[in-house]
Amino acid sequence: MKTGLISLFTNETELSADVELLLRQKLTSRGYKVTEGYDEEAELLICIGGDGAFLRTMHRCDFPETPIVGINTGHLGFFQEVWPEDFDTFIEDYEHENYTIQKLGTVMGIATTADGTTNTHIGLNEIAITGSKSYTIHFDLSIGDKPIERFSGDGILVATSAGSTAYNYSVGGSIVDPRLNLLQVTPLAPMNTTAFRSFTSSIMLPSDLTLGIVPEESDKTIYITNDGIENEYDNLKEIKVSISDKSVNLIRFSDYDFWSKVKDKFL
Ligand code: NAP
C-alpha cells in the first residue's frame, strides 16, 4: 500500500552514510517521508550496505512482508540491487511499478535442549550446526523421520537457495537458482573412512521434508549459527530443520539476472 513512508537502514561505513544523505534528499524532494529504522506503515524498506547489512536488516525487522530494495555499497551484492549512481532510474522505476517481487524463503531450526526448552532460529542464507574447538562431531541424521546416516565431521550446513552462493558455496555446495524452493544440506568436512561413513556431497530436500539432527553426546558444546548469528548450546538434545513460513519480498528491476550475478562473482 502506498503510504508515502519509506524506512531506511544503513550500515556503518562512510560511503553508506554519504549515499544515505543523497538518497534522503532525493526521496524527500519527491514528497516521501523517510524514517530511520522499521516502521510498520512504510510502503518500502531500503537497505544501504552489502549483503551482510541486508541480512542484519531482515533479522532486525523479523523478516517483514513490506517490499525491500537493497542499495549496494558493499561488494558484488546478491541481495543488493541498485548502485548509488542509478538512484534516479530506481525512483522512476519504483514509482511506475516497473519491477517484480522476488520472494525469498527462509530456513528454520527448532532446537530442543535436554531440559525440554525449545528455541527457534531463522536464516535467510543458512543455518550451520557445528561443534567447538575442532572436535569431531557425531550426529544421527534423519530425513522426514527416517534415519539416514550417522554423520561425523565438523558439522552440517542447511542453506536456502538464496544462501547457496554464500557459506554453502565456499564449502563445496551447489549454486541453486533462488526460484527453487528447497533446502540444501551440505556437510562440513565430512569423515568418510572405514570407521565413519558420511555423505560427502550436498543433498537437496524438497520443501515438505524436515531434517532431524540428534547429537550423539548432548553434553558437548554445539553452535547453531543462523546467517552468522552464533547461538551456543551445552545441552542440545535435537534440532529439526525445515523451510519456515517467513519470507522476504525483494524488489527486482528489469536488468536483474541471478545467473549474470553468479558469473560476475565466481567466473
Ligand atoms: P562476513 O563474514 O562479514 O561476510 C560474509 C560474505 O558473504 C560477505 O562478502 C557477504 O557479501 C557475502 N554474502 C552474504 N550473503 C551472501 C549471499 N547470499 N550470496 C553471496 N554472498 C553473500 O559475514 P556477514 O556479512 O555477517 O554475513 C553473514 C554470512 O556470512 C552468513 O550467512 C554466511 O553465509 C557467510 N559466511 C561465509 C563464510 C565463508 O564463505 N567461508 C564463512 C562464514 C560466514 P557483502 O560483502 O556484500 O556483505
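In listed order, ligands and their atoms are each counted from 1. On a predicted model such as this, the values are computed, not experimentally measured, just so you know.
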List the residues meeting side-chain hydrogen bond (donor to acceptor under 3.5 Å, both in side chains) with Asp145, not counting sequence neighbours, and say none if there are none.
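Scan of Asp145 (side-chain hydrogen bond (donor to acceptor under 3.5 Å, both in side chains), adjacent residues dropped) gives Lys240.
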
Just jot down the side-chain hydrogen bond (donor to acceptor under 3.5 Å, both in side chains) partners of Ser16, sequence neighbours excluded, or say none.
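Once residues adjacent in sequence are excluded, the partners of Ser16 under the side-chain hydrogen bond (donor to acceptor under 3.5 Å, both in side chains) criterion are Asn11, Thr13, Thr73.
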
Inter- and intrachain pairs under salt bridge (Lys or Arg N to Asp or Glu O under 4.0 Å), touching residues 70-84, at least two apart
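Output for this query lists Glu81-Arg252.
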
Is the shortest side-chain N to carboxylate O distance from Arg30 to Glu92 below 4.0 Å?
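Glu92 and Arg30: salt-bridged.
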
Nearest heavy-atom pair of Phe199 and Pro187: which atoms, and what distance?
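Taking every non-hydrogen atom into account, O-CG, 3.6 Å.
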
Between Phe258 and Lys265, is there a cation-pi geometry (under 6.0 Å to ring centre, at most 45° from the normal)?
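Judged by the rule, Lys265 and Phe258 form no cation-pi pair.
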
Could you list, one pair per line, each nitrogen or oxygen of ligand 1 together with any protein nitrogen or oxygen closer than 3.5 Å, giving atom names and the distance rounded to 0.1 Å?
| residue | atom | partner | partner atom | Å |
| --- | --- | --- | --- | --- |
| ligand 1 | 15 (N) | Asn125 | ND2 | 3.0 |
| ligand 1 | 18 (N) | Asn125 | OD1 | 3.0 |
| ligand 1 | 18 (N) | Ala162 | O | 3.2 |
| ligand 1 | 19 (N) | Thr165 | OG1 | 2.7 |
| ligand 1 | 26 (O) | Arg56 | NH1 | 3.0 |
| ligand 1 | 32 (O) | Asn125 | ND2 | 3.1 |
| ligand 1 | 32 (O) | Glu126 | OE1 | 3.3 |
| ligand 1 | 32 (O) | Glu126 | OE2 | 2.8 |
| ligand 1 | 34 (O) | Glu126 | OE1 | 2.5 |
| ligand 1 | 34 (O) | Tyr167 | N | 3.2 |
| ligand 1 | 40 (O) | Ser170 | OG | 2.6 |
| ligand 1 | 46 (O) | His75 | ND1 | 2.5 |
| ligand 1 | 47 (O) | Asp51 | N | 2.9 |
| ligand 1 | 48 (O) | Asp51 | N | 3.1 |
| ligand 1 | 48 (O) | Gly52 | N | 3.0 |

